[in-house]
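Inspection log for the structure reproduced underneath, given as structure tokens.
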Amino acid sequence: MTSQLIDPFDRTIDYLRLSVTDRCDLRCFYCLPKGFKDFEEPEDWLTFDEIERVIRAFGALGTRRIRITGGEPLVRKNLPELATRLHNLPGIEDLSLSTNAVKLARHAEALHTSGVRRLNISLDSLDHDNFQKITGGKLEKVLAGLMAAKAAGFTPIKINMVVMKGINEHEVEAMVDFCIEHDFTLRFIETMPMGDTGRDAVDHYVDLQTVRAKLEQRFEMIPSVMPGGGPARYMQIAGTDLRIGFITPISQHFCETCNRVRLSVDGTLYLCLGQDNKFELRPLLRDGISDDGLQDAIRHAITLKPERHEFNEQPNQIVRFMSVTGG
Ligand code: SAM
């Protein structure tokens, strides 16, 4: 079935990012402020039953892909149980997870068994001290998580690196070598002005065209594609299996091909990463809405999707941190 969710700009919406918590066990300086405590209260979190109902409704409306994200999704207890439930829903063909991998070593096998196949793992540095400075966490745990994911059979494993001037730009080539060695896919991401943290980090903004130009001096790069429905533009390094994706929301936005919406842990459906347009599903779920009513509500919400973000024109607009919607 093709998606019944068509937005006002004729884009088909068939992809949902599902945040299962706004909490995180890292404090990447460009994402969540140190000491931040203003998290959603547990009574406001959608329960697994509520999440399953919403995803079932999206599946019935033609959504095929679900990416579980956060905060840090592995902070939510019993995540593999939720993943199993979502994997078994009619229509859901592709279940993937974004994680910082801190807790992945412990959960990789159970997640693979649950039906998650594709992983995106944040990794901004391969240097222990630099990793600690950027994230407040320990690189060893992430590397252990990555190796456990490889052993469990996830494919592809995509490494997401936010490239920042004066912070980790000098590590780009080391990350390329690391991903060639381990058969990971690599994606570079531009910093976005989300929340005060994201806006402060814009001082470290790097236009990814410059990263690409520099890599082209060392490698022959040929245009490539990668399944997954995301916005990255891929290049392959000739003579290797490495594909590198460039995610450029600032230097070259890709809103005209946007196919997604985002559900936060409190049941708010965000229609755009870079706008405030949203629709609250939790009150409807807790007031006993019928399955048909829920589908109608989702159809209505999609009519609220804006044409594009305005990170460049209105950089102060988005107050929420990236950890609310999970990227
Ligand atoms: N914890 C999970 C993870 O690490 O993938 C999922 C949530 S995390 C918020 C998703 C991605 O957003 C990470 O790759 C992170 O680096 C990125 N991110 C957070 N704030 C950002 C910002 N202001 N600009 C660009 N990327 C950002």
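For ligands, and for the atoms within them, numbers begin at 1 and follow the listed sequence. Values reported hereafter were calculated over all heavy atoms of this structure, with side chains retained and with hydrogens, waters and symmetry mates removed.
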Linking Ile, Leu, Val, Met, Phe, Trp and Tyr through side-chain heavy atoms less than 4.5 Å apart, which residues share a cluster with V265?
W45
Residues in the immediate environment of ligand 1 (any heavy atom closer than 4.0 angstrom):
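Contacting ligand 1 under 4.0 Å are Y30, C31, T69, G70, G71, E72, S98, T99, N100, S122, V162, E190, T191, M192, G198, M322, G326.
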Tell me if the CG atom of N316 is crowded by more than 12 foreign heavy atoms within 6.0 Å.
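It does: N316 CG has more than 12 such atoms within range.
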Are more than 12 heavy atoms from other residues, nucleotides or ligands located less than 6.0 Å from atom CD of E50?
yes
Suppose the criterion is salt bridge (Lys or Arg N to Asp or Glu O under 4.0 Å): which pairs have a residue in residues 190-215, not counting sequence neighbours?
D196-R199, R212-E216
Which donor-acceptor pairs under 3.5 Å do the side chains of residues 176-186 make with protein atoms, sequence neighbours left out?
residue, atom, partner, partner atom, Å
D177, OD1, R218, NH2, 2.9
H182, ND1, K150, NZ, 3.2

Say whether, by atom type as modelled, one donor and one acceptor occur between the side chain of N277 and the main chain of L304 under 3.5 angstrom.
yes
